[in-house]
Amino acid sequence: MAEEHKTPDDQGKGGRILDWVYRNLAGPATVDNAVHGGSQEAREQWKRDLEKRKQWSREQRERKRAEREARRGR
């Protein structure tokens, strides 16, 4: 059988058992369906906030596009 060699990427990970322990017992918390965990009002506020952020991003892209076209002399 082939002997396992540790590569630089494997160093410090602790092997399969410690990997399992970290992922299942001590690892970072997961937040599934976080938006659905609050009240209806909180979900609606989150959706409004998200839409405002998207609108701001669209406006910034359009502003930058207009500046580029102005520099080109259009």
Side-chain angles (χ1 to χ4, degrees):
M1 286 190 199
E3 197 175 313
E4 278 191 51
H5 295 287
K6 284 194 170 196
T7 62
D9 188 42
D10 292 339
Q11 293 176 352
K13 290 193 177 176
R16 280 187 277 160
I17 294 173
L18 288 179
D19 182 47
W20 181 89
V21 169
Y22 177 76
R23 283 186 290 117
N24 294 292
L25 301 177
T30 58
V31 184
D32 295 328
N33 300 320
V35 174
H36 303 290
S39 66
Q40 182 66 27
E41 182 181 338
R43 288 192 295 275
E44 293 302 318
Q45 179 60 35
W46 184 85
K47 290 176 186 177
R48 285 191 297 270
D49 181 59
L50 181 61
E51 184 53 40
K52 286 179 186 177
R53 291 170 185 260
K54 287 181 178 180
Q55 179 63 33
W56 184 85
S57 295
R58 285 189 293 264
E59 290 170 358
Q60 294 303 308
R61 283 193 302 273
E62 184 58 36
R63 181 186 59 80
K64 288 178 183 179
R65 186 177 300 120
E67 287 176 0
R68 281 193 306 270
E69 289 178 1
R71 276 184 273 148
R72 290 180 187 158
R74 289 185 173 185

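Keep in mind the model is a prediction, meaning the values are calculated, not measured.
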Would Glu51 and Arg48 count as a side-chain contact (heavy atoms from CB on, under 4.5 Å) here? Give the steps.
CA-CA 5 Å; Glu51 184 53 40; Arg48 285 191 297 270; 5.8 Å; no
My understanding is that only residues two or more places apart in sequence, or in another chain, count here; which of them pass salt bridge (charged side-chain N to carboxylate O under 4.0 Å, His left out) with Glu62?
Arg65
Report yes if some heavy atom in the side chain of Glu44 is under 4.5 Å from a heavy atom in the side chain of Glu41; otherwise report no.
no
List the residues meeting salt bridge (charged side-chain N to carboxylate O under 4.0 Å, His left out) with Arg63, not counting sequence neighbours, and say none if there are none.
Glu67
Name of the residue among Arg58, Glu59, Lys64 meeting side-chain contact (heavy atoms from CB on, under 4.5 Å) with Arg61:
Arg58
